[in-house]
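Below: the structure, in C-alpha cells.
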Protein chains: 2
Amino acid sequence: MPKVETFNRNNVLQNATEVFHRKGYNGTSMQDLVDATDLNRSSIYNSFGSKLGMFMEVLSHYQSIAKSNIGKETRQAQNASDTIQAIFEMYLRDIITDPNRKGCLIVNCKSEMTNQDPLIRSFMEQNQEQMLAVLEDLVHNGQMEKVFNEDQTATQYALYLYSAIQGFRMTGILNNNEDELKNLINTVLKVLH
Amino acid sequence: MPKVETFNRNNVLQNATEVFHRKGYNGTSMQDLVDATDLNRSSIYNSFGSKLGMFMEVLSHYQSIAKSNIGKETRQAQNASDTIQAIFEMYLRDIITDPNRKGCLIVNCKSEMTNQDPLIRSFMEQNQEQMLAVLEDLVHNGQMEKVFNEDQTATQYALYLYSAIQGFRMTGILNNNEDELKNLINTVLKVLH
DNA sequence: GATTAATTGAAATGATCGTTTCAAAATTAA
DNA sequence: TTAATTTTGAAACGATCATTTCAATTAATC
C-alpha cells in the first residue's frame, strides 16, 4: 500500500555528518543539510524530527563507526600495547588525510555544546564511559601481560589515555606533521611501559 | 569638545568574554552581547566594528590574561619542573572552580572556527607558537638543571605538553574530580623525569 | 486500475540574525 | 551659551534562521 522510504538512510547520515563535522552544529543551517543530503526539507523533518534530532543521529552514527574501527584494531593487534598504538595511529591517519582539518566530531561537539544542551551532555557522558571502559580493559590486559607497568591503576591510565586522545585530536587541527605526531604518540605511550 | 568614551573597555571585554566563552562564537548573538555588556548596539559597532571584531579582541584579552598568569607562576616557582606543575595546577583550579564547565575559550574556539575562518586560524597559529616557545624554554631549562631527562628534545617535549594541556582542558569539561585530575597531571609529567 | 500512505516541492510561518541608519541626548571646550 | 563631537536609543534593513503547512506526486498493495 504505502510508498516506502526511498533514500538510503546511511548515505544521508554520512552526508549530514560531513557538514556538521566541517561547520559545527551552530554553524550548520537547515539549508546546508538540505543541500548536502539532497533530501527535501520536509523529508528531513519527517525522518529526523528536528535539526537537533538529526544531529543526535549523526553523532551516534559517527560513534558507531569509530567503535567498529577500534574493534578492528583490537582484533588485528597481537597485544594490548600494539592495540593502543594502532588506535593512536588510526587517529593519526585521520588527521593526515583530512584536507579540511576538522578534528574529531565528538571532541568538537563536546567543546561546543556540552555545557549548553542536556541531551548532548548525556551523550558525552556515555561516550566518555565507553571510551574509558575500552581503554581500561586494554591497559588491564597489558598489565596482565607485563607489557605495561603497574605504577598506576588501569583506571588511572585509562583517564590519562582518554585525555591524551582528546589532546591529540585538538593538536591535529593545526599540526599534521607526521613525524612530529608519531613522536608525540611514542611519548604519550612511554609512561605505560 | 568631544564627548569621551564613557564605558570601561576592560569591563566590557570581560563581560563579552563571559558570553562568548559560555555559548561559543556561533551560539552568541549580538543581542546576547548587548545584554551582557550593557552597551548600546551602536556603541558596539562604533568601538569594535563587528561581531567578529569584538570576538578577536576578546580572544586577545583572554590570551593576555592567560599569558600573565603563566608569567606569575614562572616567577614564583623554584625550577622548571615546579613551573610546569604549577601551570597545570592553574588549569586544574580553573576547571574545578568554573560552575559552567566551559573549558578553555581558546581550545573551544580552535575546534569551532579554525577550519572556517582565516583570521581565527592565524590567531591559533600564533597562539600555538607562543605556547610552544614558552614550553620549550621551560623544558630546556629543566634539562639544563638535570631535573628533566633528554630522551626527547625540548621541542618534542613542548609539543607533548601542548597536546596534554589541550587534552586536560577537554577532559575538564566533563570530569572535575580533583584527585583524578591531579593524578592525571602527575602521569603526564612523569615521562619528563 | 483503484486505493493507500509516504515522499516531495514550494511556499509561508514568525522569529531572529548581523548590521545600518539617524535624529536626539550628552558631554566637553571655547 | 554655543559649537563640536560622540554616545545613545530605537527603529528598520534585508537576509537567514528552524519549522510548518499542504497540495501534488509517487509507489506499493489490492
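The sequence lines fix the lettering, A, B, ..., with proteins before strands; numbering per chain opens at 1. Only this structure's heavy atoms are used, side chains among them; waters, hydrogens and symmetry mates stay out.
The CZ atom of B:R41 sits 16 Å away from the C1' atom of C:dC22 (whole-angstrom rounding). Computed from coordinates, the A:M30 CE to D:dT16 C1' distance equals 14 Å when rounded to whole Å. If you measure from atom CD of A:Q31 to atom C1' of C:dG9, you get 13 Å, rounded to the nearest angstrom. Taking atom CE on A:M54 and atom C1' on D:dC17, their separation rounds to 17 Å, with Å as the unit. Separating the CG atom of B:D38 from the P atom of D:dT8 is a distance of 11 Å, rounded to the nearest angstrom. Separating the NZ atom of B:K51 from the P atom of D:dA15 is a distance of 19 Å, rounded to the nearest angstrom. If you measure from atom CG of B:L39 to atom C1' of D:dG9, you get 12 Å, rounded to the nearest angstrom. A straight line from NZ of B:K23 to C1' of C:dC17 spans 13 Å, rounded to a whole angstrom.
You'll find that the side chain of B:S43 is closest to D:dT8, out of C:dG18, C:dT8, D:dT8.
Judged by distance alone with a 3.5 Å cut-off, a donor-acceptor contact links the side chain of B:S42 to the base of D:dG9.
Scanning both residues, A:Q166 and A:K110, for their nearest heavy atoms gives OE1-NZ, 2.8 Å. B:E57 approaches B:S47 most closely through the heavy-atom pair OE2-O, 4.4 Å.
Between B:Y62 and B:H21, the ring planes are perpendicular. Angles over 60° get that label, and only those under 30° would be called parallel.
A:Y157 and A:N149 share a side-chain donor-acceptor pair at under 3.5 Å.
Taking the nucleotide of DNA chain C with the nearest heavy atom to each of A:N46 and B:G49, the more 5' of the two is matched to A:N46.
Residue A:N40 has a polar side-chain atom (N or O) positioned under 4.0 Å from OP1 or OP2 of C:dG9.
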